[in-house]
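Some notes on the structure that comes next.
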Amino acid sequence: MDFFEQHILIVEDEPKIAALLSDYLHQQGGFNTSHLSRGDLVLEWVESHSPDLILLDLMLPGMDGIEVCKRLRAQSAVPIIMITARVEELDRLLGLELGADDYICKPFSPREVVARVKAVLRRSASGLDAGQLNGLIMDEAMHTAELNGKKLQLTPVEFSLLKTLTSQPGRVFSRDQLMNEMYSDYRIVSDRAVDTHIKNLRKKLSRAGAETELLESVYGLGYRYAG
Ligand code: CA
């Protein structure tokens, strides 16, 4: 995929960070960038410029990143990567289900940001749908799943876990969110239970011939279906 001349909007009120991001996205990614330092300017700008992706800081003058993200989602499917200053914020952000495509924590390495931007753009360009998740097919009525034509023997909990993760490829789900989806009766289980089910799912996917890690752990956050 060619990233040349794709246009990234950076919304960040710290000039040094904005300049750093902009430089890296130019030099390492070949992107065009624009920069806004206030949240309340974003919606109108996006409407008239249609950027390909938005890097959105959480704490902003004018309107905070959460509100900006909500309003953007109401009008557009533009990929959004939220940037937060605190790891502790991330759980809360995930819980709000803002519809951001990824989250990055400060301090970040600019190299990592460029990699994440490319990954999000790649995912949004590939337009994965439920029918073709990289060779994975799930049949909800039959509660069966197969990868590249090979049947996966999944327990009901594994099936619902995989179903949740693949419902939005690339989106990070926290362990809490996954548990709520897995256990409809909300019984209290250790969040390590999620890790165990993921481990078993990975084994089954790899036995069925998955060549890459389809279920990615996102450090400190949870899991996502890489697709
Ligand atoms: Ca800020």
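Everything numeric here is computed off the predicted structure, so don't read it as measured data. Counting begins at 1 with the first residue of the sequence. Indexing begins at 1, ligand by ligand and atom by atom, following the structure's order.
Rounded to the nearest 0.5 angstrom, Ile8 CD1 and Leu21 CG are separated by 10.5 Å. Distance CD/Glu12 to CG/Leu36: 11.5 Å, rounded to 0.5 Å. With rounding to the nearest 0.5 Å, the separation of CG in Asp102 from CD1 in Ile80 is 12.0 Å.
Sorted by first and then second residue, the pairs that involve residues 70-82 and meet side chain to side chain donor-acceptor pair (under 3.5 Å), not counting sequence neighbours, are Glu67-Arg71, Arg73-Asp101.
At most 12 non-hydrogen atoms from other residues, nucleotides or ligands lie less than 6.0 angstrom from CE of Met59.
Of all protein N/O/S atoms, those under 3.0 Å from the Ca ion (ligand 1) are Asp13 OD1, Asp57 OD2, Met59 O, and waters are not counted.
Taking both residues in full, the closest heavy atoms of His35 and Ala18 are given as NE2-CB, 3.3 Å, listed atom of the first, atom of the second, then distance.
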